[in-house]
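So that the names make sense, note that chain A is the first sequence line, chain B the second, and so on, each numbered from 1.
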Number of protein chains: 2
Amino acid sequence: MSHVGYGCLMALDRDHVLRSAAALLTRKSTATMDEVARAAGISRATLHRHFAGRDALVRALEALGIAECEAALDAARLDEGSARDAVTRLVHEIEPAAGLLAFLYTENQLFEGEEQNEGWARLDERITALFRRGQESGEFRIDLTPVWLTEALYGLFASGAWAVLEGRVAGKDFQFNIVELLLGGALRREES
Amino acid sequence: MSHVGYGCLMALDRDHVLRSAAALLTRKSTATMDEVARAAGISRATLHRHFAGRDALVRALEALGIAECEAALDAARLDEGSARDAVTRLVHEIEPAAGLLAFLYTENQLFEGEEQNEGWARLDERITALFRRGQESGEFRIDLTPVWLTEALYGLFASGAWAVLEGRVAGKDFQFNIVELLLGGALRREES
DNA sequence: CTTGAATGAGACATCAATGTCTCATGTGGG
DNA sequence: CCCACATGAGACATTGATGTCTCATTCAAG
């Protein structure tokens with residue numbers, strides 16, 4: 001009775017499949033189930049044994065993306081230290097998931113139905129709270145709303161991930177580029 | 001013989017169809033040809049008389065987006081005055097096309113084949129040159145590459161357009177939000 | 001009125017992706 | 001060795017979108 005239900009390898013495989021699918025769909029969001037299976041090194045039949053269908057796969061990717069984001073927010077300790085440093089830690093922690101985030105960000109199919117994962121709202125709330133904290137502490141300007149700053153951060157994640165993917169910018173500059181642009185902007189500082 | 005080939009109304013209709021399709025596909029990028037036709041107030045048969053197929057429609061949208069962007073760049077007179085003001089004019093001029101741009105930005109199908117419209121390279125070059133000019137004039141910081149600033153601007157266009165579409169930010173703040181974040185960043189200025 | 005063009009509605013075949021099924025294979029544990 | 005299970009390969013039907021066709025209708029110009 002050591003093999004009740006799913007064996008111990010399936011859990012590992014499932015995660016591997018999920019990450020392969022994330023990597024592939026980030027580059028080609030219209031990839032076939034067959035292509036996803038090949039990218040993971042398994043057959044289409046096995047892929048269907050893990051995920052009932054394409055919809056289930058996308059939902060699982062959504063859950064993975066949300067989970068990784070929440071883990072990143074936890075690791076970044078958003079309510080410690082200056083808001084500026086917290087944003088820096090946030091971008092650093094979330095970088096490994098940026099590609100997956102960019103894919104999910106463009107799957108507007110996920111947000112049009114009645115059934116949308118409440119995880120996004122939780123993430124939005126936490127990030128928005130960080131920007132609000134920065135405004136209240138006097139670090140951030142108050143003429144840009146926390147909601148917009150959050151949306152802008154998502155957009156910069158997506159463009160940053162794609163720019164790295166296409167080789168337009170170096171991967172090692174990902175965090176620096178996003179943090180510096182989001183916080184400091186393109187203008188030269190007059191102060192030293 | 002006044003009606004040789006296509007009548008005079010088809011040109012107007014074609015443009016109207018194109019803009020309806022842009023508006024719809026911005027919200028739902030997987031919309032059916034039938035949905036696109038309904039959104040334009042015409043039948044699927046007529047839609048096919050304008051555009052041979054979905055691929056042709058997307059290509060036409062791509063051409064429209066590029067044309068509108070180039071017109072916006074012309075109108076913004078990127079090489080006049082300060083680079084900062086030029087960026088402001090650029091965002092202002094490109095705002096009406098932001099939704100279409102956001103849609104095309106996520107159609108990675110357009111960029112994976114050998115045949116990619118060279119219009120994008122022209123646009124990239126002109127915007128990149130603007131940021132480079134700002135750096136050389138001392139207005140912009142030099143530790144963020146012009147290429148990244150261009151990519152970031154695209155990302156901010158997309159997130160700005162979607163945020164307005166979903167009602168998360170007010171449409172009247174579109175230009176202000178993007179320009180202020182891109183140029184000034186989220187940090188409060190010490191100077192002044 | 002007459003005519004030609006554009007259109008809308010719908011029928012139809014096609015095609016690609018999907019979902020489901022069976023069966024042979026291999027593999028690891030008992 | 002034997003067996004249970006996961007897998008790969010492939011066949012098959014289904015589904016939804018697509019592309020093409022016909023035909024009746026409308027509409028405007030002559």
What pair of heavy atoms forms the shortest contact from A:V87 to A:V179, and how long is it? O-CG2, 4.5 Å
Excluding sequence neighbours, so at least two apart, what forms side chain to side chain contact (heavy atoms under 4.5 Å, CB included) with B:V169? A:V147, A:W148, B:A163, B:V164, B:N177
Pairs touching residues 121-135 of chain A that satisfy side-chain hydrogen bond (donor to acceptor under 3.5 Å, both in side chains), sequence neighbours left out: A:E70-A:R122, A:D74-A:R126, A:D124-A:Y154, A:D124-B:R168, A:T128-A:T150
Interatomic distance, B:H50 NE2 vs D:dG19 P [rounded to whole Å]: 16 Å
Show me, pair by pair, the donor-acceptor contacts under 3.5 angstrom made by side chains of residues 99-109 of chain B, not counting sequence neighbours?
residue: B:T106; atom: OG1; partner: B:F103; partner atom: O; Å: 2.9
residue: B:N108; atom: ND2; partner: A:R27; partner atom: O; Å: 3.4

Among all residues two or more places apart in sequence or in another chain, which pass the side chain to side chain contact (heavy atoms under 4.5 Å, CB included) test with A:A45? A:S43, A:R49
Taking DNA chain D as the partner, which of residues 32-47 of chain B come within under 4.0 angstrom of it by heavy atom? B:T32, B:M33, B:R44
Expressed as a whole number of angstroms, how long is the span from A:R49:CZ to C:dC21:C1'? 10 Å
Rounded to whole angstrom units, what separation is found between the NE2 atom of A:H16 and the P atom of D:dT7? 13 Å
Nearest-Å distance for atom pair NE2/C1', residues A:H48 and D:dC12: 14 Å
Can you pull out the residues from residues 53-61 of chain A that lie within a 4.0 Å heavy-atom distance of DNA chain C? A:G53, A:R54
Verify the distance criterion only: is there a donor paired with an acceptor across the side chains of A:E151 and B:W162 at less than 3.5 Å? no
Between D:dA6 atom P and A:D13 atom CG, what is the distance in whole Å? 11 Å
Give every residue pair that meets the salt bridge (Lys or Arg N to Asp or Glu O under 4.0 Å) criterion with at least one member in residues 170-180 of chain B, sequence neighbours excluded. A:R141-B:E180
Please write out each protein N/O paired with an N/O of nucleotides 13-15 of chain C under 3.5 Å, distance rounded to 0.1 Å.
none

Which salt bridge (Lys or Arg N to Asp or Glu O under 4.0 Å) pairs, counting each pair once, include a residue from residues 78-101 of chain B, with sequence neighbours left out? B:R77-B:E80
With A:E35 via side chain to side chain contact (heavy atoms under 4.5 Å, CB included) - residues at least two apart: A:L24, A:K28, A:A31, A:T32
Residues two or more places apart in sequence or in another chain: which of them pass salt bridge (Lys or Arg N to Asp or Glu O under 4.0 Å) with B:R54? none
Please name all residues satisfying side chain to side chain contact (heavy atoms under 4.5 Å, CB included) with A:H92, sequence neighbours left out, ordered by chain then number. A:Q175
